[in-house]
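Right, one structure below, let's go through it.
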There are 2 protein chains.
Amino acid sequence: MSQHRHPGVPGRAGAVPALPDLPEATVARLPEYLRALHNLADAGHETVSSEGLAGAAGVNSAKLRKDLSHLGSYGTRGVGYDVALLIDQIEFVLGLTQRRAVALVGVGNLGHALAGYAGFAGRGFRIAALFDADTSRVGEMINGLVVRHVDELPRVAAEEAISIGVIATPAPAAQAVAEQLVAVGVTSILNFAPCVLSVPDGVDVRKVDLAIELQILSFHEHRKASLTALPATGGSALTALPGGLTTPDTQEAIGT
Amino acid sequence: MSQHRHPGVPGRAGAVPALPDLPEATVARLPEYLRALHNLADAGHETVSSEGLAGAAGVNSAKLRKDLSHLGSYGTRGVGYDVALLIDQIEFVLGLTQRRAVALVGVGNLGHALAGYAGFAGRGFRIAALFDADTSRVGEMINGLVVRHVDELPRVAAEEAISIGVIATPAPAAQAVAEQLVAVGVTSILNFAPCVLSVPDGVDVRKVDLAIELQILSFHEHRKASLTALPATGGSALTALPGGLTTPDTQEAIGT
DNA sequence: AGGCGCTTGTGAAGACGTGCACAAATCGCG
DNA sequence: CGCGATTTGTGCACGTCTTCACAAGCGCCT
Ligand SMILES: NC(=O)c1ccc[n+]([C@@H]2O[C@H](COP(=O)([O-])OP(=O)(O)OC[C@H]3O[C@@H](n4cnc5c(N)ncnc54)[C@H](O)[C@@H]3O)[C@@H](O)[C@H]2O)c1
Ligand SMILES: NC(=O)c1ccc[n+]([C@@H]2O[C@H](COP(=O)([O-])OP(=O)(O)OC[C@H]3O[C@@H](n4cnc5c(N)ncnc54)[C@H](O)[C@@H]3O)[C@@H](O)[C@H]2O)c1
């Protein structure tokens, strides 16, 4: 965490472009830009200004320019950015030049939806294997893939070069599954189970918890309600007034 | 956006506890604490120290204490926090004292999984209505709820007091659905479609894009690979070495 | 060739979030 | 009743992120 960055590892005039270490906030936005760029490319645009791309990605244009400047500035002043070139750049930085293989563990309610989702292919990923512990599910075919028993993970991980593991099991099983994934060499995990995973250093975990998203929205609903209620009447009547916009203070577009 | 906050709207000694306006980062962590607290309560704990709760929620204990201090400090020095009391406090602040009604629009692949998920009830939410535009899906029963045509949204929104709208339609339909939701008074939206929504001020949107999560993980995979490859050999051979943990530099636990 | 309008890239300032370290408060026990 | 062990709440310093504002660069038009 509090590691100093080496004072003398700048350009490194070697052959490889030498990944600049981007701010984490920038990394989280690059995929957004990439999606917007693909839309623009499909619409026939060859170049785009920072203002235009920022609008399409839903961010401030200064922020976008600073983000892009971190990865080497492929824009032209007075003109904008070359869409195709920028797509290549971002895809390279994100490591999407070859399609990454994803292993999905837990083919239940949610796992089925993920396994059947066609949209991942266009974003750089290939669901390479499905696993479950329930023997009655093993053997089922989903979208051309067979569900295998989780015990086969080591063998399959060796065959396919698994890059990312996705956990969609119930929470009590998630920690054990994470350990199995780490044991076969997986160093990136996307966790849908509502629990914290502990993993060794060097393993990245990202978590998606839909209930948490709803609860954050609930907080803002609660706050909006208490703001409109109090200044108007004495504070007791809680009749929702779904017409007038609330205070122009307290803007939206909350933490992304 | 760049709204100043009024310099003189502090305690407001009114009857209502007067929601403190929490830092957004704190709001995003409260649900995590809440989940951990429920686990502790189920395990029979009556009190918990900041250290213990922080461990269960996967955060720094100082951060946890500061977060909790923002909502009024219900801890006892030398002892810790009363689990049941803290649960009540957080649920109140998050607006979960009464179960919030959620409307789900788009009952396809993903929408089915969400509609069938039993876990929302325990986290303060009730899926109150399902909508789809495909007439061949309308009428289908999922988990005791009937799928209605999206045209019925105004009528149903009036009956059930819809608090949050969830969009699980394809991206091209999402903006139109968002506008329909806003039109019936919904001011909080959770969007699963990979696109930006533009909504009026006063409406909160949160977005869940699974492909983005994978792409962020992909970036870190890419970086880890280029870090292990370069210092070892000259820099050309890119054979993945899935054994030794990478550099103890560049710690994990990336942006939550 | 020169000037003009447009757009990028970035310095600087401010807002925000984090984590250490410690004083203040509380409990239990002798 | 007092003392020590324990744990909260927070002041402070530091790092990260955001946003403004503008100089530098580019292309086009005359
Ligand atoms: N379905 C949703 O919409 C939704 C929403 C939010 C969160 N989640 C979370 O996602 C996870 C999955 O939800 P779900 O609705 O698909 O649950 P589910 O019960 O339908 O599916 C879980 C699957 O995991 C399998 N499994 C259990 N233990 C396993 C193990 N050790 N190894 C491999 N597979 C194992 C089960 O056999 C089952 O097929 C849960 O943690 C849930 O809380 C789901
Ligand atoms: N399935 C996944 O795992 C997954 C993963 C990531 C993202 N997503 C995104 O989630 C969204 C839904 O994915 P899906 O796989 O369920 O797609 P899907 O095509 O299976 O389902 C979409 C549903 O929305 C309905 N619909 C279309 N237009 C509508 C409208 N105007 N009003 C109401 N309903 C409408 C369709 O009839 C269909 O039932 C997509 O935007 C997708 O990109 C899904």
Side-chain angles (χ1 to χ4, degrees), chain A residues 1-5 20-30 32-33 45-83 85-86 89 216 249-256, chain B residues 1-7 20-30 32-33 37 45-83 85-86 89 216 250-256:
Chain A
M1 279 300 177
S2 65
Q3 228 63 1
H4 12 242
R5 47 207 73 230
D21 57 352
L22 313 184
E24 192 57 35
T26 295
V27 173
R29 282 187 296 264
L30 287 181
E32 210 80 61
Y33 305 154
H45 292 73
E46 304 222 330
T47 65
V48 64
S49 71
S50 67
E51 200 78 37
L53 182 52
V59 303
N60 181 308
S61 72
K63 183 151 54 176
L64 178 133
R65 286 199 299 277
K66 186 151 288 189
D67 283 342
L68 294 187
S69 79
H70 283 127
L71 42 90
S73 171
Y74 287 83
T76 310
R77 294 172 189 230
V79 177
Y81 298 89
D82 182 296
V83 171
L85 181 61
L86 201 47
Q89 275 300 313
I216 294 172
D249 202 354
T250 69
Q251 282 303 62
E252 309 315 318
I254 43 187
T256 323
Chain B
M1 283 301 175
S2 64
Q3 226 66 0
H4 12 242
R5 49 206 70 233
H6 312 183
D21 57 353
L22 312 185
E24 191 57 35
T26 296
V27 174
R29 282 187 294 264
L30 287 181
E32 210 79 60
Y33 304 153
L37 283 165
H45 293 72
E46 305 222 328
T47 66
V48 64
S49 71
S50 67
E51 200 78 35
L53 183 52
V59 303
N60 181 308
S61 72
K63 183 151 54 178
L64 177 132
R65 286 199 298 276
K66 188 155 290 184
D67 283 342
L68 294 187
S69 79
H70 283 127
L71 42 90
S73 173
Y74 286 82
T76 311
R77 297 177 186 222
V79 176
Y81 298 90
D82 182 298
V83 171
L85 182 62
L86 201 49
Q89 275 300 313
I216 295 172
T250 71
Q251 281 304 59
E252 310 313 318
I254 44 187
T256 324

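Numbered from 1 within each chain, the chains take letters A, B, ... in sequence-line order. The figures here come from the full heavy-atom set of this structure, side chains too, leaving out hydrogens, waters and symmetry mates.
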Could you tell me how far apart A:Leu22 (CG) and D:dC17 (P) are, to the nearest whole angstrom?
11 Å
Could you give the distance from CG (A:Leu68) to CG (A:Leu53), rounded to the nearest 0.5 Å?
6.5 Å
Suppose the criterion is salt bridge (Lys or Arg N to Asp or Glu O under 4.0 Å): which pairs have a residue in residues 67-78 of chain A, not counting sequence neighbours?
A:Arg29-A:Asp67
Roughly, in whole Å, what's the span from NE2 in A:His70 to C1' in D:dT16?
11 Å
Do any N or O atoms of the protein come closer than 3.5 Å to N or O atoms of nucleotides 24-26 of chain D, and which pairs are they?
unit_1	atom_1	unit_2	atom_2	d
D:dA24	N3	A:Arg77	NH1	2.7
D:dG25	N2	A:Gly78	N	3.4
D:dC26	O4'	A:Arg77	O	3.3

Between A:Glu32 and A:Ala57, which heavy-atom pair has the shortest distance, and what is it?
CG-O, 3.8 Å
Numerically ordered, the residues 45-59 of chain A set in heavy-atom contact under 4.0 Å with DNA chain D is none
For the helix from C:dA1-D:dT30 to C:dG30-D:dC1, how many degrees between its two end axes (five pairs per end), to the nearest 10°?
0°
Pairwise distance OH(B:Tyr81) to CG(B:Leu86) - rounded to 0.5 angstrom
7.5 Å
Any side-chain heavy atom of B:Glu24 sitting closer than 4.5 Å to one from A:Ile216?
yes
Could you go through residues 45-52 of chain A and list every donor-acceptor pair under 3.5 Å that involves a side-chain atom there, pairing it with any protein atom two or more places apart or in another chain?
unit_1	atom_1	unit_2	atom_2	d
A:Ser49	OG	A:Glu51	N	3.4
A:Ser49	OG	A:Gly52	N	3.0
A:Ser50	OG	A:Arg65	NH1	3.0

Would you kindly give the CG-to-C1' distance between A:Leu86 and C:dG9, to the nearest whole Å?
14 Å
What pair of heavy atoms forms the shortest contact from B:Ser61 to B:Ala54, and how long is it?
CA-CB, 3.5 Å
Ordered by number, residues from residues 60-69 of chain B within less than 4.0 Å of DNA chain D (heavy atoms) are B:Arg65, B:Lys66, B:Ser69
With side-chain contact (heavy atoms from CB on, under 4.5 Å) as the criterion, how do A:Leu22 and A:Leu30 come out once you've worked through the C-alpha distance, each side chain's angles and the decisive distance to 0.1 Å?
CA-CA 10 Å; A:Leu22 313 184; A:Leu30 287 181; 3.6 Å; yes
Any side-chain heavy-atom pair from A:Asn60 and A:Leu64 closer than 4.5 angstrom?
no
Between B:Tyr81 and D:dG9, does any side-chain N or O lie under 4.0 Å from OP1 or OP2?
yes
